[in-house]
Amino acid sequence: MGEQPIFSTRAHVFQIDPNTKKNWVPTSKHAVTVSYFYDSTRNVYRIISLDGSKAIINSTITPNMTFTKTSQKFGQWADSRANTVYGLGFSSEHHLSKFAEKFQEFKEAARLAKEKSQEKMELTSTPSQESAGGDIQSPLTPESINGTDDERTTPEVTQNSEPRAEPTQNALPFTHSSTISKHWEAELATLKGNNAKLTAALLESTANVKQWKQQLAAYQEEAERLHKRVTELECVSSQANAVHTHKTELNQTIQELESTLKKKEEEIERLKQEIDNARELQAQRDALTQKLQEVEIRNKDLEGQLSDLEQRLEKSQNEQEAFRNNLKTLLEILDGKIFELTELRDNLAKLIECS
């Protein structure tokens with residue numbers, strides 16, 4: 001069947017710094033999938049996490065492990081086999097609690113599996129111990145249990161060598177030896193069954209050992225690669241604080257930008273209202289401009305009429321002035337004629353008086 005995932009979640013993975021044993025070193029740049037696996041062939045639970053093709057967590061759960069919540073979103077556990085401490089940072093407290101519950105559940109299952117395995121080993125070893133403590137203290141081989149062909153015929157030879165006068169005494173040893181033979185044959189069958197079980201267990205253990213050796217070689221290669229990766233991460237770990245600070249600054253900048261954006265949106269709404277008002281004012285301005293143009297045109301017409309009237313008035317004034325001058329000249333001429341007539345009248349009067 002192989003290993004099957006039975007629970008998965010996402011978290012940021014960390015390992016304790018092997019040098020300081022205090023600082024956390026991130027082993028993933030972002031949240032990755034962390035899964036519980038169950039191996040039905042070996043009855044083993046493991047926590048495995050991959051970052052791409054690289055295994056950043058490969059921890060076998062044992063009954064003495066403990067998962068500790070150090071904050072609302074962070075938990076850790078120590079793996080003595082890997083000689084490290086793993087840490088997981090979750091996105092919420094709910095995910096952390098769910099992972100911790102599964103850890104406790106699979107830890108208990110691993111404890112029960114270990115106890116059952118020990119009981120099975122004890123039960124398997126019990127028949128061998130009982131057979132070793134029997135009445136006959138000899139190696140448990142088919143020949144020693146059932147006897148060789150010579151030994152199995154010995155009672156008959158003994159029986160034939162005895163005098164025929166005592167048949168009753170010779171029949172009892174034969175019956176007793178047959179009972180013992182059946183007992184040891186049953187015991188042999190039991191031992192053969194146990195031996196077959198032990199052989200099968202040995203073959204399975206041998207196959208598991210080969211598999212473990214292969215896994216060990218793969219783990220060693222993975223350990224070397226992880227060591228190189230740790231070295232690389234140690235080089236860039238100094239940038240972690242700067243990245244965190246930069247991230248905090250970016251968050252603050254984002255908040256400021258969001259606040260500024262909100263203000264800008266309010267200002268845009270205000271400007272839209274002002275634009276609508278400006279459009280209304282523009283329409284009014286256009287209407288007033290058209291009226292003003294009409295007034296200007298009318299004013300120009302009036303100015304033209306006024307200029308014409310001024311010209312006519314000036315011409316009239318000039319004509320009046322000329323008429324006045326002519327009239328004045330006529331009056332002067334008339335005055336002269338009147339004076340002459342007056343003199344003529346006086347002269348006539350004088351003449352009349354003289355005559």
Side-chain angles (χ1 to χ4, degrees), residues 1-18 24-71 73-114 116-117 204-205 207-234:
M1 294 292 291
E3 285 184 310
Q4 297 293 331
I6 52 179
F7 178 78
S8 297
T9 185
R10 292 185 66 83
H12 291 270
V13 180
F14 300 85
Q15 283 190 13
I16 201 71
D17 191 340
W24 289 106
V25 179
T27 57
S28 62
K29 295 180 180 179
H30 48 79
V32 296
T33 302
V34 182
S35 302
Y36 286 99
F37 277 78
Y38 175 63
D39 188 349
S40 58
T41 59
R42 295 188 295 142
N43 205 11
V44 171
Y45 294 87
R46 289 199 299 167
I47 302 175
I48 296 176
S49 178
L50 300 177
D51 188 4
S53 60
K54 181 182 65 174
I56 55 179
I57 297 180
N58 189 358
S59 177
T60 301
I61 299 177
T62 59
N64 58 347
M65 281 186 177
T66 301
F67 185 82
T68 305
K69 297 180 182 178
T70 57
S71 67
K73 298 181 180 180
F74 193 87
Q76 66 183 46
W77 78 95
D79 190 343
S80 58
R81 295 183 180 181
N83 193 24
T84 188
V85 179
Y86 293 103
L88 296 178
F90 295 88
S91 59
S92 65
E93 186 177 359
H94 172 71
H95 290 86
L96 173 60
S97 300
K98 191 67 176 177
F99 188 88
E101 291 175 2
K102 292 295 182 181
F103 191 97
Q104 186 65 27
E105 177 184 345
F106 298 144
K107 170 185 171 182
E108 184 67 18
R111 184 184 65 80
L112 294 175
K114 184 177 180 181
K116 288 182 179 179
S117 177
E204 183 180 359
S205 299
N208 290 335
V209 167
K210 291 181 180 179
Q211 183 180 1
W212 293 338
K213 286 182 179 179
Q214 293 175 356
Q215 291 181 354
L216 179 60
Y219 292 159
Q220 288 176 348
E221 293 178 359
E222 187 66 25
E224 292 177 359
R225 187 167 58 182
L226 288 175
H227 182 69
K228 292 180 181 179
R229 180 61 179 167
V230 167
T231 304
E232 294 175 359
L233 290 174
E234 287 177 351

pair [X]-[Y]: side-chain heavy atoms closer than 4.5 Å:
X	Y	result
Leu88	Ile57	yes
Lys69	Phe74	no
Thr60	Met65	no
Phe67	Leu96	yes
Phe99	Ile47	yes
Asp39	Tyr45	no

Please round to the nearest 0.5 Å and tell me the distance separating atom CZ of Phe90 and atom CZ of Arg10. 12.0 Å

Nearest 0.5 Å, what's the CD1-CD distance between Ile61 and Glu108? 12.0 Å

Ignoring hydrogens and geometry, is there a side-chain-to-backbone donor-acceptor pair from [X] to [Y] under 3.5 Å?
X	Y	result
Ser49	Thr33	yes
Ser28	Val13	yes
Tyr36	Phe103	yes
Arg111	Pro63	no

Between Ala113 and Asn43 the two heavy atoms that sit nearest each other are CB-ND2, 2.9 Å

Shortest non-hydrogen pair, Tyr86 vs Ile56, comes out as CE2-O, 3.7 Å

How would you list all residue pairs meeting side chain to side chain donor-acceptor pair (under 3.5 Å) that involve residues 74-83, not counting sequence neighbours? Ser59-Trp77, Ser59-Asp79

Can you name the side chain to side chain contact (heavy atoms under 4.5 Å, CB included) partners of Ile16, sequence neighbours left out? Trp24, Thr84, Val85

Salt bridge (charged side-chain N to carboxylate O under 4.0 Å, His left out) pairs touching residues 95-104, sequence neighbours excluded, are Lys102-Glu105

